[in-house]
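A quick write-up on the structure given underneath.
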Amino acid sequence: MGASTSHERATKGATSSAALEFVKSSPKKLLIGGKWVPSKSGKTFETLNPANEEVLALVAEGDKADVDEAVKHARKAFEEGKWPSLSPHARTRYLLKIADLIEKNADELAELESLDNGKPIFESKNIDIPGAAETFRYYAGFATKIYGDTNPSDPSMFNYTLREAVGVCGQIIPWNFPLLMASWKIAPALACGNVVILKPAEQTPLTAIRLGELILEAGLPESVVQIITGFGPGAGSAIAEHPDIDKVAFTGSGEVGKLILKASTGNLKRVSLELGGKSPNIIFPDADMPSAVFGSMLGIFMNQGQVCCAGSRVFVQQSVYEEFTDSLSTMAKGLTLGNPLDPNTKMGPLVSKEQHDRVIGYLKTGKEEGATAKTGGAAGNQERGYFIQPTVFTNVNNQMKIAREEIFGPVASAIPFKDENDVVLQGNDTTYGLAAAVWTKDINRALGVARKLKAGTVWINTYGMLDPMSPFGGYKQSGFGRELGKYAIDLYTQIKSVYAKIG
Ligand code: ADP
């Protein structure tokens, strides 16, 4: 047998010829002014397959000069182009077309996502790609339902409000759900008549680039969506600072969120931030245990735990602590690690070496702090790739670093609690407030605890459910602004009050 090429090694397990072709046609370019162009500097960077550390493709490294160029096109598209003044019905049709194209190319997109991010193909196929199509479809419906008010003003006046597009929107997204995050950002912005400059994460640029192609195929007017791949300092910071960008929407780390907020002060652009979490997942003894164990497993190990709303602090009432953590550990141990493109794989690698090393650091810290790794606690035993074993830490208290800091990996910290009051206090004792869950058959307790938890989303007897119709966002340092649902319309519109004198 001859030696395999690096392309073959990088795409091992991929079966979609479209995905293979897409990866092969490298270097990837920037979508600026309706055309695919190299970066002005001519620089590119590598995007890797985290399962085998091979280079998948080279990608244009956009920076300030490219952002400046894109903003010029975006401004023109917004001020003079037809998108903002298009009939809302036409915007609906464009968004539906994008949704249809995502579905039509779902197998390719799913493979690209798993190759670039490392997530198991069953997740890309069942969550990421259908979720992206559904989000476009949901906001397609919204384009025709963005209402103003008429106000009961003095009879000599007719006063009404208009909800108008904000303008040029910069959108900076992370690597954990690349296409889904792109759709959460782009779809509502377009429904409201904005134009968009999207910067995908440098670890996972491929599906955003492919989405750019599909948006062109859907026939959207030029420069309504532009895609700039590149790094945070560079393309990202240029977007955050740009004096002619009207709004920035960001999903990512708290650290970078703070930088974005600071950078926005130059022109006081609107900012919405969706940041990290350290979400409490609370198990009462009267819960349906098999469901609670399974749900908690999904809550922390789905997408290798690289989920901002992961149930990373598992609070278990003392009387069932041993039993529950035994079951969760057994289930964790049974999760098959391997090539993300294998349909039997339940957990792939983490997205990058950097992320892998960070999580290994937390595993070490946890042990030093006195926690016990009931299962896992180490890197995976694969020869290559950024694998980490699913880990359940017991003997954890809420003051330990592994209970306070966002690990963003497959690491559950199981913390015992005494009673309802105790768990509400401990659950809320965190700087974050993105999500929480409570497992109990007692409806009064469930609803009561849901009220007391300071979190943007609370699940009862389930974990991780998200629907484009329901808002998502954080309390406290998990950010501000709500994406999804009708609330995203607030992020992408501004309100004008019009007074007309009668007579
Ligand atoms: P993570 O730690 O999960 O990688 P980051 O917050 O670093 O999350 O990254 C999320 C997104 O923010 C990525 O697209 C990244 O390139 C971008 N980013 C990173 N640093 C900056 C910055 N200084 N300004 C703007 N965007 C940035």
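Both ligands and their constituent atoms are indexed starting at 1 by order of listing. Only heavy atoms go into these numbers, but all of them, side chains included; no hydrogens, no water, no symmetry mates.
- Listed by number with element, the atoms of ligand 1 under 4.0 Å from a non-hydrogen atom of Lys199 are 14 (O), 15 (C), 16 (O).
- Scanning all heavy atoms of the two residues, the minimum distance from Leu179 to Ala132 falls at CD2-CB, 3.7 Å.
- Atoms of ligand 1 found under 4.0 Å from any heavy atom of Gly236 (numbered from 1 in listed order, with element): 24 (N), 25 (C), 26 (N).
- In terms of heavy atoms, Leu211 sits closest to Ala182 at CD2-CB, 4.0 Å.
- Polar contact with ligand 1: absent for Thr251 (N/O pair, distance under 3.5 Å).
- With hydrogens left out, the protein atom closest to atom 3 (O) of ligand 1 is Trp175 NE1, 3.4 Å, a heavy atom.
- Tested against Glu54 for a side chain to side chain donor-acceptor pair (under 3.5 Å), the candidates His7, Lys12, Arg9 yield a single pass: Arg9.
- Using bins of under 30°, 30° to 60° and over 60° for the plane-to-plane angle, the ring pair Trp184/Phe472 lands in the perpendicular bin.
- Counting heavy-atom neighbours within 6.0 Å of Glu368 CD, excluding the residue itself, gives a total above 12.
- Distances from atom 14 (O) of ligand 1 to the protein include at least one heavy-atom value under 4.0 Å.
- The contact set between ligand 1 and Ala201, taken as ligand atoms under 4.0 Å from a residue heavy atom, comprises 14 (O).
- Taking distance alone, with nitrogen or oxygen atoms compared against 3.5 Å, Ala240 stays at or beyond that limit from ligand 1.
- At the shortest separation from atom 16 (O) of ligand 1 among protein heavy atoms lies Glu202 OE1, 2.6 Å.
- Protein heavy atom at the shortest distance from atom 2 (O) of ligand 1 is Ser253 CB, 3.9 Å.
- The nearest heavy-atom contact from the protein to atom 7 (O) of ligand 1 is Val256 CG2, 3.7 Å.
- Within ligand 1, counting atoms from 1 as listed, the ones closer than 4.0 Å to a heavy atom of Ser237 are 24 (N), 25 (C).
- Interface atoms of ligand 1 facing Phe250, defined by a heavy-atom separation under 4.0 Å, are 6 (O), 10 (C), 11 (C), 12 (O).
- Counting heavy atoms under 4.0 Å from ligand 1, residue Glu255 does not touch it at all.
- Atoms of ligand 1 lying under 4.0 Å from any heavy atom of Gly252, numbered from 1 in the order shown and given with element: 6 (O).
- Using a 4.5 Å heavy-atom cutoff, the side chains of Ile209 and Phe22 are in contact.
- Of all the heavy atoms of Phe408, none lies under 4.0 Å from any atom of ligand 1, so neither backbone nor side chain is involved.
- The side-chain heavy atoms of Thr493 and Glu164, taken from C-beta on, include no pair separated by under 4.5 Å.
- By the 4.5 Å heavy-atom criterion applied to side chains, Tyr432 and Leu275 are not counted as neighbours.
- Between Ile227 and the options Ile32, Leu30, Leu31, a side chain to side chain contact (heavy atoms under 4.5 Å, CB included) holds for only Leu31.
- A 4.5 Å side-chain heavy-atom check between Pro410 and Leu350 finds at least one atom pair inside the cut-off.
- Which of Gly232, Gly257, Pro205, Pro233 comes nearest to atom 18 (N) of ligand 1 through a heavy atom is settled by distance: it is Gly232.
- Residue Ile173 approaches ligand 1 through these ligand atoms, each under 4.0 Å from one of its heavy atoms: 11 (C), 13 (C), 14 (O).
- Looking at atom 23 (N) of ligand 1, its nearest protein heavy atom turns out to be Leu259 CD1, 3.7 Å.
- Between the CG atom in Asn281 and the CH2 atom in Trp459 there is a gap of 9.5 Å [rounded to 0.5 Å].
- Contact of the Ser223 side chain with the Lys76 side chain is not registered, since no non-hydrogen atoms from C-beta on lie closer than 4.5 Å.
- Scanning the protein heavy atoms around atom 17 (C) of ligand 1, the nearest turns out to be Ile172 CG2, 3.6 Å.
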